[in-house]
Amino acid sequence: MNIQASIIDQRLGAIANQIRDKSAEELRITDNGRLKSLAFVYLCVQTLLELEEDEAFDCLTEGGGDFGVDAIHISEEYDGEFTVSLFQAKYKNNLAGTSNFPEQGIESLIRAIQYLFNPAAKLDYLNQRLLAKVEEARSLIRDGYIPQVRALACNNGLTWNPSAQEAIERSGFGEQVTWEHVNHERLVNILQASKPVKDSLQLSGKAIVEDMEFSRVLVGRIAVTEIATLIERHGERLLERNIRRYLGLQGNRVNESIKQTLNSFDNGNFYFYNNGITLTCDNFSYNALQDSDYQVRVENLQIINGGQTCMTIFKTLQDPKLLPNINQAYVLVRLYQLPRDNQDLVQQITYATNSQNPVDLKDLRANDERQKQLELDIQQLGFKYRRKRSDNSTRATDITSGVAAEAVLSVWRKRPHQAKFFSREHFGKLYDVIFTNDLNGSQVILAVLLYRIAENRRKRPESNDPALVRYGSCFLAMQMGRRLLGDMGVEIQDISHRNFQTAQELIEQHRDRYFNDAVADVQRALQSLYGEQDISLQQLSATFRRGDLISRL
């Protein structure tokens with residue numbers, strides 16, 4: 001028995017119980033064997049993409065008509081491109097961990113990529129969950145955005161065999177599709193990310209060390225081969241304070257440039273081309289009697305900026321065709337020894353230094369004073385505000401900061417298109433728009449309750465629901481908010497703890513009316529925009545993404 005495979009197997013039992021009710025209701029999966037396989041897909045999605053529970057479950061498409069795709073996630077558009085992550089999972093109860101990912105699984109993924117991302121191909125046999133996601137991707141393609149596809153083959157064994165690799169190479173996808181193998185070993189490495197890293201850094205040449213009040217700073221130069229070795233030893237554990245989601249080489253211009261420089265005869269100048277790597281630790285020590293080439297011992301080492309650089313270096317140096325002069329390539333390193341009891345300083349440095357690639361800023365905003373005030377205010381109303389990510393399961397009374405941001409932006413700020421498709425900016429450029437100084441806990445909870453009604457219907461539409469229900473949930477939530485304020489005879493600024501209970505009772509009593517009236521509103525707006533012509537699913541997706549309807553509602 002493989003111990004890491006056993007760890008994952010035990011974890012799946014708890015996950016299966018956690019998602020049992022949702023699986024039965026949304027996917028019609030109740031069999032224990034299928035439920036365990038679904039739990040494995042869910043674990044892979046949540047761990048690799050770092051999604052909240054509901055977001056991860058929403059990616060699942062397993063079941064009849066899934067075209068070999070067990071889960072799909074579509075990122076936001078960035079710089080004219082968007083990333084689609086396709087998951088196919090093969091879980092075995094044999095915990096030896098010696099079985100290859102099946103060749104037919106790879107071939108199935110190849111066919112799915114050829115079919116799903118061709119807007120001209122008919123989609124006759126897809127289940128509704130997958131169909132909605134695929135049409136969203138196709139509408140982006142029709143608008144001129146370029147898909148970068150991650151094909152993730154997940155199992156609790158070995159990677160695919162040489163025949164499957166030949167099939168990948170014959171597919172002709174080139175660099176637009178990247179292939180990744182995910183197994184129990186990789187999952188355990190990510191899940192163990194909180195284990196402190198204790199190691200040594202071999203620097204090259206001179207270095208500067210300076211004491212600054214209760215902190216210390218070391219600035220020096222390190223060979224890229226040392227970075228690759230460090231990542232090989234510790235992997236995801238080094239990125240706990242950075243981001244776990246490696247953005248990949250293809251479709252990311254920064255990382256592609258890093259790779260090209262490393263694999264060129266100009267790699268001796270890599271030190272000058274790269275912004276360097278920022279690391280933090282609890283303590284570092286070195287032989288001060290030396291004047292160069294220090295070996296620095298570090299405790300609780302973390303990469304807080306430059307994680308993309310480090311992972312790209314590691315991936316690039318695995319290429320057997322790499323130029324032999326790679327030993328000439330170095331990178332600037334900044335090592336900060338920070339007080340263990342000053343986590344605010346760590347947060348501020350992490351926030352200030354992460355500006356090259358788009359990152360999820362929810363964690364970096366978690367200690368913002370507005371987030372702390374909302375946590376206290378919401379708690380007094382009988383709900384729990386989760387401003388920090390947690391491994392604990394969410395309950396009906398739990399509200400995550402990500403859901404709160406999307407709900408408030410949809411319902412009260414009347415920007416439903418930005419709520420749905422600009423989530424990367426919710427805690428960035430849109431943060432002050434959403435979390436204004438006068439936003440209170442009552443407003444957040446009510447927005448979330450309305451948003452959940454629309455989202456639950458999106459995930460579990462009734463047989464007579466129009467197609468827009470699957471695409472326009474944020475718009476529907478906005479219209480429901482307008483009706484709630486109308487029934488109360490107040491404006492949003494008048495909502496507080498004093499009338500919270502009244503508003504909550506109105507939502508509970510009239511939820512169906514609010515929802516049906518909102519659907520009617522959106523249908524009228526669509527008719528105003530398109531007239532009597534038929535609206536395809538791709539058009540629907542594009543319409544809600546661009547926010548064309550806002551002026552008509």
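Residue numbers run from 1 in the order of the sequence given. Only a predicted model underlies this, so the values are computations on that prediction, with no experimental measurement involved.
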Quick one about [Y] and [X] (side-chain donor to acceptor, distance below 3.5 Å, no hydrogens or angles considered), yes or no?
{"X": "S423", "Y": "E76", "value": "yes"}
{"X": "D199", "Y": "H234", "value": "yes"}
{"X": "Q337", "Y": "R216", "value": "yes"}
{"X": "T178", "Y": "R150", "value": "no"}
{"X": "R142", "Y": "Q538", "value": "yes"}
{"X": "R415", "Y": "S410", "value": "no"}
{"X": "T400", "Y": "Y385", "value": "no"}
{"X": "T61", "Y": "R129", "value": "no"}

Interatomic distance, [X] atom [atom1] to [Y] atom [atom2] [nearest 0.5 angstrom]:
{"X": "E136", "Y": "F82", "atom1": "CD", "atom2": "CZ", "result": "8.5 Å"}
{"X": "R498", "Y": "S442", "atom1": "CZ", "atom2": "OG", "result": "11.0 Å"}
{"X": "Q443", "Y": "D438", "atom1": "CD", "atom2": "CG", "result": "6.5 Å"}
{"X": "L38", "Y": "D70", "atom1": "CG", "atom2": "CG", "result": "8.5 Å"}
{"X": "Q509", "Y": "D487", "atom1": "CD", "atom2": "CG", "result": "10.0 Å"}
{"X": "Q523", "Y": "I535", "atom1": "CD", "atom2": "CD1", "result": "9.5 Å"}

Minimum-distance pair of heavy atoms, taken over all atoms of [X] and [Y]:
{"X": "P339", "Y": "S215", "answer": "CD-OG, 3.4 Å"}
{"X": "I313", "Y": "V224", "answer": "CG2-O, 3.4 Å"}
{"X": "G441", "Y": "I378", "answer": "CA-CG1, 3.6 Å"}
{"X": "I550", "Y": "P416", "answer": "CD1-CD, 3.9 Å"}
{"X": "T47", "Y": "L43", "answer": "OG1-O, 2.7 Å"}
{"X": "V331", "Y": "G276", "answer": "CG2-CA, 4.0 Å"}

Output yes when R545 and E77 qualify as a salt bridge under the 4.0 Å nitrogen-oxygen rule, no when they do not.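 Between E77 and R545 there is no salt bridge, as every charged N stays at least 4.0 Å from the carboxylate O atoms.
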Residues F421, F544; criterion ring-ring contact (aromatic ring centres under 6.0 Å, His included); working and verdict: CA-CA 9 Å; F421 297 102; F544 289 120; 8.8 Å; no
If the plane angle is over 60° it's perpendicular, under 30° parallel, otherwise tilted; pick one for H417 and F475.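 H417 and F475: tilted rings.
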Could you check if a side-chain atom of [X] sits within less than 4.5 angstrom of a side-chain atom of [Y], using non-hydrogen atoms only?
{"X": "I208", "Y": "V217", "value": "no"}
{"X": "F314", "Y": "I227", "value": "no"}
{"X": "E81", "Y": "P147", "value": "no"}
{"X": "E52", "Y": "V403", "value": "no"}
{"X": "F270", "Y": "I258", "value": "yes"}
{"X": "L537", "Y": "Y471", "value": "yes"}
{"X": "L446", "Y": "I507", "value": "yes"}
{"X": "Q148", "Y": "I146", "value": "yes"}

Begin from the C-alpha positions of K459 and D54 and carry the test side chain to side chain contact (heavy atoms under 4.5 Å, CB included) through to its verdict. CA-CA 10 Å; K459 297 172 184 176; D54 287 344; 4.0 Å; yes
Report yes or no: does [X] contribute a side-chain atom to a donor-acceptor pair with the main-chain N or O of [Y] at less than 3.5 Å?
{"X": "N440", "Y": "I495", "result": "yes"}
{"X": "T316", "Y": "T312", "result": "yes"}
{"X": "R370", "Y": "F435", "result": "yes"}
{"X": "S528", "Y": "R524", "result": "no"}
{"X": "D398", "Y": "R395", "result": "yes"}
{"X": "E505", "Y": "T502", "result": "no"}
{"X": "E25", "Y": "K22", "result": "no"}
{"X": "R387", "Y": "S401", "result": "no"}
{"X": "H426", "Y": "Q418", "result": "yes"}
{"X": "N499", "Y": "S496", "result": "yes"}

Is there a salt bridge (Lys or Arg N to Asp or Glu O under 4.0 Å) between D521 and R483 once you walk through the steps? CA-CA 11 Å; D521 288 344; R483 279 178 165 72; 2.4 Å; yes
L279/N305 under side chain to side chain contact (heavy atoms under 4.5 Å, CB included): CA gap, chis, key distance, verdict: CA-CA 7 Å; L279 308 100; N305 181 256; over 6 Å; no
F57 vs Q46, side chain to side chain contact (heavy atoms under 4.5 Å, CB included): CA-CA, chis, key distance, verdict: CA-CA 8 Å; F57 194 89; Q46 188 178 40; over 6 Å; no
Please report the C-alpha distance between C59 and L51 in whole Å, then the side-chain angles of each, then the deciding distance to 0.1 Å, and finally whether the side chain to side chain contact (heavy atoms under 4.5 Å, CB included) criterion is met. CA-CA 10 Å; C59 293; L51 300 177; 3.8 Å; yes
Under the criterion salt bridge (Lys or Arg N to Asp or Glu O under 4.0 Å), I'd like the reasoning laid out for E375 against K384: C-alpha separation, chi angles, the key distance, then a yes or no. CA-CA 7 Å; E375 181 181 39; K384 181 180 180 181; over 6 Å; no
If you apply the rule side chain to side chain donor-acceptor pair (under 3.5 Å), what do you find for E455 with S473, and how did you get there? CA-CA 6 Å; E455 274 290 287; S473 58; 2.7 Å; yes
Please report the C-alpha distance between R458 and D58 in whole Å, then the side-chain angles of each, then the deciding distance to 0.1 Å, and finally whether the salt bridge (Lys or Arg N to Asp or Glu O under 4.0 Å) criterion is met. CA-CA 10 Å; R458 177 185 68 82; D58 195 39; 2.8 Å; yes
Does atom CD (Q380) have a neighbourhood of more than 12 heavy atoms from anything else shown, all under 6.0 Å?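 Yes.
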Run S75 and R424 through side chain to side chain donor-acceptor pair (under 3.5 Å) and show every step you take. CA-CA 9 Å; S75 76; R424 71 169 181 269; over 6 Å; no
Of I453, L506, V519, which is the lone residue that meets side-chain contact (heavy atoms from CB on, under 4.5 Å) with Y514?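 Exactly one option meets the side-chain contact (heavy atoms from CB on, under 4.5 Å) with Y514, and it is L506.
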Cation-pi between R138 and F117: NZ/CZ under 6.0 Å from ring centre and within 45° of the ring axis?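 Ring-cation test returns no.
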